[in-house]
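Written below as structure tokens is the structure these notes are about.
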Amino acid sequence: MSRFHNLEDFRQRAKTRLPKIMFDFIDGAAGGENGSYNNYHCIERIRLLPRVLNNVVERDLTKPIFEEEFKLPFGIAPMGMCDLAWAGTDQALAAAAAQYQIPLCLSTAASTSIEQMMDASEGNTWFQLYVGSSLEEGLEKVRRAAAAGCRTLILTVDVPEVAPRWRDLHNGFKVPFRIGPKQFMDFASHPRWVAETLWKGIPRPAHFPDPNKRQKDGTKAKGFNREETRGKVDWNFLLRLRDEWKGNLVVKGVLSPEDALQIRDHGADAIYVSNHGGRQLDSAPSAISRLPLIREALGKGYPLIFDSGIRNGEGVVKALALGADFVMLGRPFLYASGAAGKKGVFRMMELLSNEISLCMAQLGVNHLDQIERSSVLDNETVFLNPQSPGTEDHLTKNYEN
Ligand SMILES: Cc1cc2nc3c(=O)[nH]c(=O)nc-3n(C[C@H](O)[C@H](O)[C@H](O)COP(=O)(O)O)c2cc1C
């Protein structure tokens, strides 16, 4: 594990270990990928002001949210089909959530069920809801999550339709998979990934019936359809969901302060500021640029969760300084698993925790609630090092075939 010193080390290793179609599914974003590029660069551009001569030997990284105390201020963002990064990724993430006491958000499109993940994560799983074919079907999933003992539900609202992701279109990425000559060559040149995946079982969406199996009435079940519209979800549905779900309700994919206020007034317990890691509206603003505006609109005290573009511990601290109560990371966990499986995930946890702790020392604080807006310098002229790992131009590199 000593070879992995930063996220880019994991990303580069995952890029060679995974079939291109899988790596691109994880790494890619909507359209020309300006949105995801912008997320990362806007965070890197933020400068933090070091403070000195405070005794900072007793640093404490615990963070409460929803009256629960987590050992770290970050968790795992919901991602569908994580096992495509490497067979066993869901189990590795659950083990990390249990060991480090962090929340793990489980996607509706996950290939491991909410019941199994609640168990494996020792109760640290939050369920993320997509509503596709019917509102009623969505509410059934909510009841299932409640029955599994899940305490926090995330309704994702920034995917009314799935955005075109050019890399996926070029690669012929589809769920369920179709293997033509191009995909065959890709898989054939990654035999270890194929062997592991076949050995552990090809991932399929665990919260949907298997369309290949007959139902009791003899008809074929309707399975997960990734392309199906999710545009039915509206303010009335949010009210219905609030009524149905007794636990913590989070609404994910919010960038507008007006929407945030309305969501709070519809009874949500937290807002999750995110642009889906740039995977939806390519022209959306960076999520980090919206965070302080949403915090300002909501005032102090209302829980805000943040993701999109965080790639290191300093990024987590920046989001906290700009008003987040809790930070999630998406792709980094899949790069880590793709690069080195469970060991990779645990190494990344170690790196991120260390980076946050070291950053706190530099800012002169022992507790995360001492990180303030004033730690962030406004109007600094910033030049990013074009040779810094991770600052590379993803677009140029990824389109070199
Ligand atoms: C492979 C992949 C699958 C995703 N699937 C979902 C999903 O099922 N539900 C959801 O709300 N967000 C999903 N997301 C978005 C993440 O939850 C998160 O918003 C995003 O990855 C954050 O950006 P980051 O990857 O830069 O950390 C997915 C992201 C990736 C990379």
Side-chain angles (χ1 to χ4, degrees), residues 7-8 10-11 14 18 21-30 33 35-44 74-86 89-90 93 103-112 114 126-132 138 141 152-160 162-163 165 167-168 173 175 203 205-208 224 226 228 230 233 250-255 271-281 284 286-288 291 305-312 315-316 319 324 326-338 348 352 390 394:
L7 228 287
E8 193 58 18
F10 287 118
R11 182 174 169 274
L18 268 61
I21 189 172
M22 296 310 166
F23 179 79
D24 281 350
F25 164 64
I26 293 164
D27 193 57
E33 305 192 359
S36 68
Y37 188 75
N38 204 33
N39 278 340
Y40 170 72
H41 285 78
C42 287
I43 294 171
E44 286 305 296
F74 66 90
I76 303 167
M79 288 176 290
M81 312 296 274
C82 293
D83 284 359
L84 292 178
W86 202 259
T89 297
D90 277 340
L93 298 178
L104 156 62
C105 308
L106 185 72
S107 166
T108 302
S111 53
T112 309
I114 178 69
W126 297 359
F127 187 69
Q128 176 268 322
L129 179 68
Y130 274 140
V131 179
K141 290 189 173 54
T152 301
L153 178 75
I154 302 169
L155 174 70
T156 297
V157 292
D158 59 0
V159 191
V162 176
R165 300 184 187 146
R167 287 198 234 175
D168 290 349
F173 180 91
V175 180
H207 302 110
F208 293 84
F224 174 60
R226 187 167 170 257
E228 188 168 55
R230 299 168 201 175
V233 169
V250 182
V251 177
K252 173 173 186 273
V254 180
L255 296 171
I271 284 165
Y272 189 145
V273 178
S274 165
N275 67 11
H276 218 97
R279 292 166 78 85
Q280 278 302 109
L281 182 66
S286 71
I288 199 80
L291 178 59
I305 300 171
F306 176 84
D307 81 19
S308 295
I310 303 285
R311 293 293 177 269
N312 49 49
V316 173
F326 218 86
V327 179
M328 299 289 175
L329 294 93
R331 294 179 187 87
F333 283 99
L334 300 189
Y335 299 144
S337 181
M348 202 192 75
L352 286 171
H394 286 206

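Note that ligands are numbered from 1 as they come in the structure, with each ligand's atoms numbered from 1 the same way. Sequence positions, counted from 1, serve as the residue numbers for this chain.
Evaluated by nearest non-hydrogen atom to atom 2 (C) of ligand 1, the leading choice among Gln280, Arg331, His276, Arg279 is Arg279. The heavy atom nearest to atom 22 (C) of ligand 1, considering only Asp307, Leu106, Ile43, is found in Asp307.
Annotation for ligand 1: atoms under 4.0 Å from non-hydrogen atoms of Ser274 are 19 (O). Short contacts between ligand 1 and Arg311, defined as distances under 4.0 Å to a heavy atom of the residue, involve ligand atoms 24 (P), 25 (O), 26 (O), 27 (O). Of all the atoms in ligand 1, the ones that sit under 4.0 Å from a non-hydrogen atom of Ile26 are 31 (C). In summary, the atoms of ligand 1 found under 4.0 Å from a heavy atom of Gly277, numbered by their order in the structure, are 20 (C), 22 (C), 23 (O). For ligand 1, the atoms closer than 4.0 angstrom to any heavy atom of Thr156 are 10 (C), 11 (O).
Contact between Leu329 and Phe333 at its shortest, heavy atoms only, is O-CD1, 3.4 Å. Nearest heavy-atom pair, Val273 versus Ala287, reported as atom, atom and distance to 0.1 Å: CG1-O, 3.9 Å. Among all heavy-atom pairs drawn from Ala29 and Arg331, the shortest one is CB-NH2, 3.9 Å.
With a 4.0 Å heavy-atom cut-off, ligand 1 is reached by the side chain of Lys252 but not by its N, CA, C or O. Proximity of Met79 to ligand 1, defined as any heavy-atom pair under 4.0 Å, is shared by backbone and side chain alike.
In terms of N/O distances under 3.5 Å, ligand 1 is not approached by Leu334. At least one N or O atom of Pro78, backbone or side chain, sits closer than 3.5 Å to an N or O atom of ligand 1. Considering backbone and side-chain atoms alike, Ala77 places every N or O at 3.5 Å or more from each N or O of ligand 1. Residue Phe25 has no nitrogen or oxygen atom sitting less than 3.5 Å from a nitrogen or oxygen atom of ligand 1, judged on distance alone.
Closest protein heavy atom to atom 21 (O) of ligand 1: Gly330 CA, 3.7 Å. Atom 8 (O) of ligand 1 has Ser107 OG, 2.7 Å as its closest protein atom, hydrogens excluded (heavy atom only).
Not counting sequence neighbours, Arg230 has no partner by the side chain to side chain donor-acceptor pair (under 3.5 Å) test.
Both tests pass for Arg279 against the ring of Phe25: distance under 6.0 Å to the centre and angle within 45° of the axis.
With Ser308 contributing its side chain and Gly277 its backbone, the two residues share a donor-acceptor pair below 3.5 Å.
Taking the six-membered ring for Trp and thresholds of 30 and 60 degrees, Tyr130 and His276 have nearly parallel ring planes, at less than 30 degrees apart.
Under the 4.0 angstrom criterion for non-hydrogen atoms, Met328 is not in contact with ligand 1. The shortest separation from a heavy atom of Ser308 to ligand 1 is under 4.0 Å, placing the residue in contact. Not a single heavy atom of Tyr40 sits closer than 4.0 Å to an atom of ligand 1.
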*Walk me through it: do Gln128 and Tyr272 pass the test side chain to side chain contact (heavy atoms under 4.5 Å, CB included)?*
CA-CA 12 Å; Gln128 176 268 322; Tyr272 189 145; over 6 Å; no
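With no hydrogens or angles considered, no side-chain donor-acceptor pair links Asn38 and Ser286 at under 3.5 Å.
Contact annotation: the side chain of His207 approaches that of Phe127 to within less than 4.5 Å [non-hydrogen atoms, C-beta and beyond]. A 4.5 Å side-chain heavy-atom check between Lys252 and Cys105 finds every atom pair outside the cut-off.
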